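The figures that follow rest on heavy atoms only: side chains count, while hydrogens, waters and symmetry mates do not. Here the structure is a predicted model, which is why all the values come from computation and not from measurement.
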Amino acid sequence: MIINPAGNNETILINLARKGIILSAPCGGRKHCGKCKVRLVSGQVSGDIPDEQSMVRACKAIPSSEIEIECIDNFTVLSSELEVTESAALPDIVRAGVAIDIGTTTVSAKLINLETLSTLEIISLLNDQKLYGADIMSRIAAAMEGKTVELHKLINNQTEEILKSFKQKWNLKNIERLIVSGNTCMLHLFLNIDPAGMGAIPFQAVFLDEKELQGEKLGLSADKVIMLPAISAFIGADIAGGLAALDILSEPEPSLYIDIGTNGEMALYNKEIIFCCSAAVGPAFEGAEISCGMHAISGAISAVELARENRLEITTIGNTSPRGICGSGLIDTIAVMLRQGIIDETGYMEDYPEGYPLAQGVTITGRDIRQFQLAKSAVFSGIKILCKNAGLALTEIKNVYIAGGFGFFINKKNAVDTGLLPKEFVDCIIILGNMSLRGAEELLASELFIEKCREITKKCTVIDLSVDPKFMDEFSENMGF
């Protein structure tokens, strides 16, 4: 791939983005994670020095002249995963709608036949905003630096490509409704609204209520666009829609809802009140900030077991050669290391200074263990704070619902053994899947669903962990294993 200097000290990362090639930059271009590396085939760059494999960091290297680079396996070309396929047996669809969940990491969309309410197709892609970092705070920081428009264009262009692929493949004249769910920051960027107010205390959103617009106003080929309401700056429409789809208000016993992603959003329902909070988990469970971490895609180690003679059995997504490790695999590995005595109760690892080897080129380092401890303590401590506010003991919670893609691969026992979840929960964990997308789909099926979402938001009492004096005490106490 040939790149020419663009002036203004434009890095390779930004140069590629203008061409529609989106590299993953989990650290938000802060030049420390090293996961946006490309191979410099020819030419000269400034800002970074090629290593022994001629690799440079795309977020740091600036072309000094015409250069040729090779992207290894860390990129997405816009539209490349949305190929239109021929089919002679496509049904005649008169009315169609699309539900979409815009997550920080993943964008998932479902095409629905509005006459039969049957699912026609599901698409899941990495969010193209990954160019500006793996977590919400990196995106907000980028917006505060004047990148709101760029972030808006990335997600709206990606959404339009999804809509176009549905229309072309299924020979649709139009898409009647596009229902949008997601966290509050993603919904702001979707509407080109600056989320900077969510970047500092008191963490304020510009809007939380539902929105209804004509698709053409957003440059989208859907007649009508409807966005689900959010609860707070860091507890979004994905949680409100998920709770409504679960029908949490009909639960006869105390129930806990957890969505673990780049944030850990939690909601505890008890006697007509929903206590909720957002724990700053960081992107460890999404693969960022972990030395060999990656998203839950093909080649990611998703499960690790200790077999006979202390032999490791590793499962990868797609049953392909291991390329890295995702969140569920990280939990399993930490659990195995604890059982083997490789790490102690503080997280210290003495015998593997270069990292604990899982597969060729895939290791778990001492820093990775610390990142896991920070993430798991945030979740566990958030749960404890919710229980205290609700006046409940952990044993009184009868249902623990795990939502989001993370839950698909999670080993319940390992989640408990590593201290991500309390031991009291081991027999009452229920895996739900993507409830944010489910909420958007429910609104496609019935316009009355929006009333359930509104009712959810009204019954929520938000606990701000950043100002709760008990949270830091819990956080420190729960860091160990």
Side-chain angles (χ1 to χ4, degrees), residues 97-112 117 119 122-124 127 136 178-187 210 226-232 234-251 254-269 274-279 281 285-286 296 327-328 379 382-383 386 397-410 412 415 421 425 428-446 448-457 459-460:
V98 172
I100 189 167
D101 165 43
I102 302 176
T104 310
T105 301
T106 307
V107 178
S108 298
K110 183 179 289 190
L111 178 65
I112 302 293
L117 298 182
T119 298
I122 301 174
I123 284 176
S124 186
N127 189 326
I136 291 174
L178 170 66
I179 310 298
V180 183
S181 182
N183 65 61
T184 310
C185 176
M186 292 301 104
L187 298 189
E210 69 266 21
I226 303 172
M227 296 172 56
L228 298 181
I231 298 168
S232 72
F234 288 105
I235 306 172
D238 49 350
I239 305 304
L243 290 170
L246 181 61
D247 200 15
I248 193 76
L249 299 180
S250 297
E251 290 284 353
S255 298
L256 179 66
Y257 180 96
I258 308 175
D259 191 328
I260 304 174
T262 53
N263 260 21
E265 292 102 345
M266 293 164 266
L268 176 56
Y269 174 69
I274 304 173
F275 294 92
C276 50
C277 69
S278 175
V281 173
F285 294 125
E286 302 285 356
S328 59
V379 173
I383 292 170
L386 287 184
I397 298 175
K398 302 306 179 183
N399 302 297
V400 178
Y401 297 105
I402 307 294
F406 176 77
F408 277 123
F409 304 104
I410 194 172
K412 301 175 186 179
L421 299 174
F425 291 176
C428 55
I429 296 172
I430 303 163
I431 305 300
L432 297 176
N434 190 337
M435 292 298 286
S436 177
L437 187 62
R438 168 88 174 274
E441 185 181 357
E442 291 279 351
L443 186 52
L444 275 178
S446 171
L448 297 177
F449 181 75
I450 199 70
E451 293 293 339
K452 294 182 70 173
C453 294
R454 291 173 187 151
E455 187 178 7
I456 291 289
T457 62
K459 289 185 179 292
C460 285

Using side-chain heavy atoms (C-beta onward) and a distance below 4.5 Å, is Lys452 in contact with Asp247? yes
Should Ile231 and Cys276 count as side-chain neighbours, where that means a heavy-atom distance under 4.5 Å? yes
Checking side-chain contact (heavy atoms from CB on, under 4.5 Å) for the pair Ile397/Cys428: CA distance, chi angles, key distance, verdict? CA-CA 8 Å; Ile397 298 175; Cys428 55; 5.6 Å; no
Side-chain touch Tyr269/Leu243, heavy atoms, less than 4.5 angstrom: no
Any non-hydrogen side-chain atom of Leu421 less than 4.5 Å from a side-chain atom of Ile429? yes
Could you tell me the separation between the CD1 atom of Ile123 and the CD1 atom of Ile100, rounded to the nearest 0.5 Å? 9.0 Å
Least distance between heavy atoms, Phe449 atom then Ala244 atom: CZ-CB, 3.5 Å
Hey, does Val281 have a side-chain heavy atom less than 4.5 Å from the side chain of Asn263? no
Salt bridge (charged side-chain N to carboxylate O under 4.0 Å, His left out) with Lys412: which residues, sequence neighbours excluded? none
Do the side chain of Thr184 and the main chain of Ser232 share a donor and acceptor less than 3.5 angstrom apart? yes
Quick one: closest heavy-atom pair of Gly241 and Leu228, and the distance? CA-CD1, 4.1 Å
Before giving the answer on side-chain contact (heavy atoms from CB on, under 4.5 Å), spell out for Asn183 and Ile136 the whole-Å C-alpha distance, their side-chain angles and the decisive distance to 0.1 Å. CA-CA 9 Å; Asn183 65 61; Ile136 291 174; 3.9 Å; yes
Closest non-hydrogen atom pair between Ile410 and Ala415, with its separation: CD1-CB, 3.8 Å
Considering all heavy atoms, the nearest Ser436-Gly182 contact: OG-N, 3.9 Å
Atom CG in Leu256, atom CG in Leu268: separation rounded to 0.5 Å? 5.5 Å
What residues, two or more places apart in sequence or in another chain, satisfy side-chain contact (heavy atoms from CB on, under 4.5 Å) together with Lys459? Leu249, Glu272, Ile274, Glu455
Just jot down the side chain to side chain donor-acceptor pair (under 3.5 Å) partners of Asp238, sequence neighbours excluded, or say none. none
Could I get the full list of salt bridge (charged side-chain N to carboxylate O under 4.0 Å, His left out) partners for Glu251, not counting sequence neighbours? none
Does a side chain donor of either Ser124 or Thr106 reach within less than 3.5 Å of an acceptor in the other side chain? no
Under the rule for ring-ring contact (aromatic ring centres under 6.0 Å, His included), what residues qualify as partners of Tyr257, not counting sequence neighbours? none
CG (Leu178) and CE (Met227) are apart, to the nearest 0.5 Å, by 10.0 Å
Approximate separation, where rounding is to 0.5 Å, of Glu210 CD and Leu187 CG: 12.0 Å
OH of Tyr401 to CD1 of Ile258, rounded to nearest 0.5 Å, is 12.5 Å
To the nearest 0.5 Å, atom CG of Leu246 lies from atom CD of Glu442 at 10.5 Å
Please check if the side chain of Asn127 supplies one atom and the backbone of Ile102 the other of a donor-acceptor pair under 3.5 Å. no
Going by heavy atoms in the side chains, are Ile383 and Met266 under 4.5 Å from each other? yes
Nearest heavy-atom pair of Glu265 and Ile239: which atoms, and what distance? CB-CD1, 3.6 Å
Derivation of the side-chain contact (heavy atoms from CB on, under 4.5 Å) call for Ile112 and Val98: CA-CA 6 Å; Ile112 302 293; Val98 172; over 6 Å; no
What pairs with Glu441 under salt bridge (charged side-chain N to carboxylate O under 4.0 Å, His left out), at least two apart in sequence or on another chain? Lys110
Closest non-hydrogen atoms of Asp259 and Gly404, given as atom of the first, atom of the second and distance, are OD1-CA, 4.1 Å
